[in-house]
Amino acid sequence: MLIYKPTLSMFIKTWIVERLERLHGRLYRYLVDDITADFEKKALLYALKIKRSHSLSPAQAQYKLINLKPILRSYERLDTHVSEIENYRIKHSFKELKKNLFKYEAKLHRVATSNVPVEETPEYIKSMLSSLNKRIVV
């Protein structure tokens, strides 16, 4: 009966696998920390932009809105990738980033349309709405 001893290549391969498993854990933690830090920095940046947006003129706000549209589309594409990730920290920090980004867009829209005159609703529309409400309630 032959007894086979472990070869040197078996030791080397197992050592490599062990190191790769350790690296995988460290690399994963590093990437999670890095991604969440990036999302948190961007969220803070948009929070500061929200606070400063009241001092913009309507023309400046309109220009910023035009430049913000492609950025919103790219964040929507990123959202599809983030939704597939299982990590809570990444999802939570991205959620905060999206919240601040959409608040910034809303604030810019409010400033850009602040000088637009408001038209009063015609009486026939008001009467139609009130009669519709009465029919729904009854």
Spatial distance of atom OH (Y63) from atom CG (L68) [nearest 0.5 Å]: 12.5 Å
Mind listing the side-chain donor-acceptor pairs of residues 86-96 below 3.5 Å, one per line with the distance, residues two or more places apart or on another chain?
{"residue": "N87", "atom": "OD1", "partner": "R89", "partner atom": "N", "Å": "2.8"}
{"residue": "N87", "atom": "OD1", "partner": "I90", "partner atom": "N", "Å": "3.3"}
{"residue": "N87", "atom": "ND2", "partner": "Y28", "partner atom": "OH", "Å": "3.3"}
{"residue": "R89", "atom": "NH1", "partner": "D33", "partner atom": "OD1", "Å": "2.8"}
{"residue": "R89", "atom": "NH2", "partner": "D33", "partner atom": "OD1", "Å": "3.0"}
{"residue": "R89", "atom": "NH2", "partner": "T36", "partner atom": "OG1", "Å": "3.2"}
{"residue": "K91", "atom": "NZ", "partner": "I85", "partner atom": "O", "Å": "3.1"}
{"residue": "S93", "atom": "OG", "partner": "R89", "partner atom": "O", "Å": "3.1"}
{"residue": "S93", "atom": "OG", "partner": "I90", "partner atom": "O", "Å": "3.1"}
{"residue": "E96", "atom": "OE1", "partner": "K99", "partner atom": "NZ", "Å": "3.3"}

Gap between atom CG of L65 and atom CD of Q60 - 0.5 Å precision: 12.5 Å
Atom pairs and distances, donor-acceptor, side-chain atoms in residues 102-122, under 3.5 Å, two or more places apart:
{"residue": "E105", "atom": "OE2", "partner": "K69", "partner atom": "NZ", "Å": "3.1"}
{"residue": "T113", "atom": "OG1", "partner": "H109", "partner atom": "O", "Å": "2.8"}
{"residue": "S114", "atom": "OG", "partner": "V111", "partner atom": "O", "Å": "2.9"}

Check ion pair E123-K126 (N to O, under 4.0 angstrom): yes
Minimum heavy-atom distance between T80 and R77, given as atom pair plus value: OG1-O, 2.5 Å
Cluster link L78 to L72, ILVMFWY, side chain under 4.5 Å: yes
Nearest-0.5 Å distance, NZ of residue K42 to CD1 of residue I71: 8.5 Å
Backbone of A43 reached by a side-chain donor or acceptor of N100 within 3.5 Å: yes
Interatomic distance, D38 atom CG to D34 atom CG [nearest 0.5 angstrom]: 5.0 Å
